[in-house]
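Whatever order the structure lists them in is the order used to number ligands and atoms, beginning at 1.
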Amino acid sequence: MNILHIDCSPRPVSHSRRLSAEIMEKVLALAPAANIVRRDLGAEPLPHLTSDYAAALASPAALMAAASSNAMDLSEALIREVEAADIIVLGTPMNNFTIPSVLKAWIDQLLRVGRTIMPTPQGKVGMLRDRPVLIGISSGGVFAGEKANQPDFLTPYLSAAFACVGLMALQFLPVQATAFLNETQLASARQAALATLDLTMIGEDR
Ligand SMILES: Cc1cc2nc3c(=O)[nH]c(=O)nc-3n(C[C@H](O)[C@H](O)[C@H](O)COP(=O)(O)O)c2cc1C
């Protein structure tokens with residue numbers, strides 16, 4: 001089994017990193033021999049889009065013309081990491097109601113017409129095999145549930161972006177109000193989030 005473990009916080013010690021590490025522990029308890037690929041977008045952010053890549057995505061003709069160039073090398077490498085993964089574990093903070101820009105930069109390389117997305121008259125159809133994406137979210141305030149007091153553009157956005165390439169089996173594990181919780185409360189919040197994790201998909205094929 002291959003696990004792609006992604007973190008997005010710029011902070012080396014952080015709530016979302018802790019959460020994604022604990023999700024990894026749960027997965028590895030069931031699949032101890034799993035191979036782990038790390039993509040630390042917080043520590044090593046991807047560059048923003050190059051003009052070559054943006055130009056290639058501008059039209060079908062430009063896409064064809066760019067096929068023999070290296071404009072899509074980074075995108076290709078990142079897509080292959082996802083294709084090789086049986087499970088993706090993602091830790092992300094909420095930044096200004098949505099995902100951090102480092103994660104958006106990764107999504108901009110992953111969602112590519114003709115490679116991970118097939119355009120059809122009915123809309124975009126994902127070309128990747130579905131696989132579980134376990135998403136630990138930390139937020140300073142509250143964005144979900146009865147006490148939510150801010151918009152949530154994070155979970156609907158990630159749902160739409162991943163669905164676009166064929167990844168439907170998302171699980172969101174939020175730890176909210178990190179700005180207001182002490183260590184004990186944070187540990188309980190992480191435990192409550194982890195209790196919702198469904199790992200029944202990890203079968204004999206480890
Ligand atoms: C630039 C920035 C924007 C943020 N925007 C929000 C926000 O919109 N909503 C929220 O609840 N918390 C927000 N926060 C707080 C973080 O989500 C919170 O501190 C989170 O636990 C950080 O995760 P980390 O420790 O993994 O970096 C923001 C923090 C930063 C640095």
Side-chain angles (χ1 to χ4, degrees), residues 2-29 34 36-49 74 78 81-82 85 87-111 131-165 167 169-199:
N2 290 319
I3 308 171
L4 175 58
H5 180 192
I6 304 172
D7 273 313
C8 304
S9 174
R11 306 195 304 155
V13 177
S14 93
H15 298 298
S16 60
R17 284 177 185 277
R18 180 101 191 245
L19 187 54
S20 79
E22 291 181 5
I23 296 171
M24 285 295 293
E25 275 174 28
K26 296 268 184 202
V27 174
L28 289 172
I36 301 164
V37 172
R38 273 296 262 154
R39 179 57 67 179
D40 194 331
L41 300 173
E44 294 178 67
L46 299 170
H48 280 137
L49 299 185
L74 175 60
L78 296 170
E81 273 181 6
V82 168
I87 297 183
I88 300 169
V89 174
L90 169 62
T92 181
M94 172 178 270
N95 278 0
N96 296 316
F97 318 126
T98 186
I99 56 168
S101 60
V102 289
L103 180 54
K104 177 62 164 51
W106 179 80
I107 287 173
D108 286 341
Q109 303 287 342
L110 177 69
L111 274 60
R131 69 209 80 205
V133 187
L134 314 176
I135 306 168
I137 304 167
S138 63
S139 61
V142 182
F143 67 86
E146 281 176 9
K147 294 187 179 159
N149 58 7
Q150 62 181 329
D152 170 19
F153 296 110
L154 191 159
T155 60
Y157 175 69
L158 279 186
S159 299
F162 280 128
C164 193
V165 293
L167 304 179
L170 312 189
Q171 294 184 41
F172 291 109
L173 290 82
V175 166
Q176 305 186 76
T178 59
F180 307 100
L181 302 184
N182 62 32
E183 273 308 316
T184 312
Q185 292 167 321
L186 283 166
S188 309
R190 279 196 308 276
Q191 213 168 24
L194 288 165
T196 67
L197 195 56
D198 176 2
L199 295 179

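Ion pairing between Asp40 and Arg17 holds under the 4.0 Å rule for side-chain N and carboxylate O. The existence of a salt bridge linking Glu22 and Arg18 is confirmed by a sub-4.0 Å separation between a basic side-chain nitrogen and an acidic carboxylate oxygen. Asp7 has a carboxylate O that lies under 4.0 Å from a charged side-chain N of Arg38, or vice versa, which qualifies the two as a salt bridge.
Interface atoms of ligand 1 facing Ser9, defined by a heavy-atom separation under 4.0 Å, are 24 (P), 26 (O), 27 (O). Atoms of ligand 1 found under 4.0 Å from any heavy atom of Gly141, numbered from 1 in the order shown, are 10 (C), 11 (O), 12 (N). Against a heavy-atom cut-off of under 4.0 Å, Thr178 is close to the following atoms of ligand 1: 18 (C), 19 (O), 20 (C), 21 (O). Short contacts between ligand 1 and Ser138, defined as distances under 4.0 Å to a heavy atom of the residue, involve ligand atoms 17 (O), 20 (C), 21 (O), 22 (C), 23 (O), 24 (P), 26 (O). Contact atoms of ligand 1 toward Gly140: 10 (C), 11 (O), 12 (N), 15 (C), 16 (C), 17 (O), 18 (C) (distance under 4.0 Å to a heavy atom of the residue).
The shortest side-chain heavy-atom distance between Phe153 and Met94 does not fall under the 4.5 Å cut-off. Put simply, the side chain of Thr196 reaches to within 4.5 Å of the side chain of Leu173, judged on heavy atoms.
Between Pro93 and ligand 1, a contact under 3.5 Å exists for no N or O pair. Checked by distance only, ligand 1 and Arg11 come closer than 3.5 Å through their nitrogen or oxygen atoms. Residue contacts with ligand 1: Phe97 is placed with a nitrogen or oxygen under 3.5 Å of a nitrogen or oxygen of the ligand (distance criterion only). When only interatomic distances are considered, the shortest N/O to N/O separation between Pro10 and ligand 1 does not fall below 3.5 Å.
Nearest to atom 9 (N) of ligand 1 by heavy-atom distance, out of Gln150, His15, Arg18, Gln176, is Gln150. Among Leu186, Ile137, Asn96, the residue whose heavy atom lies closest to atom 1 (C) of ligand 1 is Asn96.
Of the protein's non-hydrogen atoms, the one nearest atom 17 (O) of ligand 1 is Met94 O, 2.7 Å. Ranking the protein heavy atoms by distance from atom 26 (O) of ligand 1 puts Ser16 OG, 2.5 Å first.
Partner Ile23 forms a side-chain contact (heavy atoms from CB on, under 4.5 Å) with one of Ile87, Leu199, Leu194 and no other, that one being Leu194.
Residue-level proximity to ligand 1 for Asn95 is carried by backbone and side chain together, each with a heavy atom below 4.0 angstrom.
The closest donor-acceptor contact from the side chain of Asp152 to the backbone of Thr155 lies under 3.5 Å. For the pair Gln176 (side chain) and Phe143 (backbone), a donor-acceptor distance under 3.5 Å is present.
Shown here is Gln185, whose CD atom has more than 12 heavy atoms of other residues, nucleotides or ligands within 6.0 Å.
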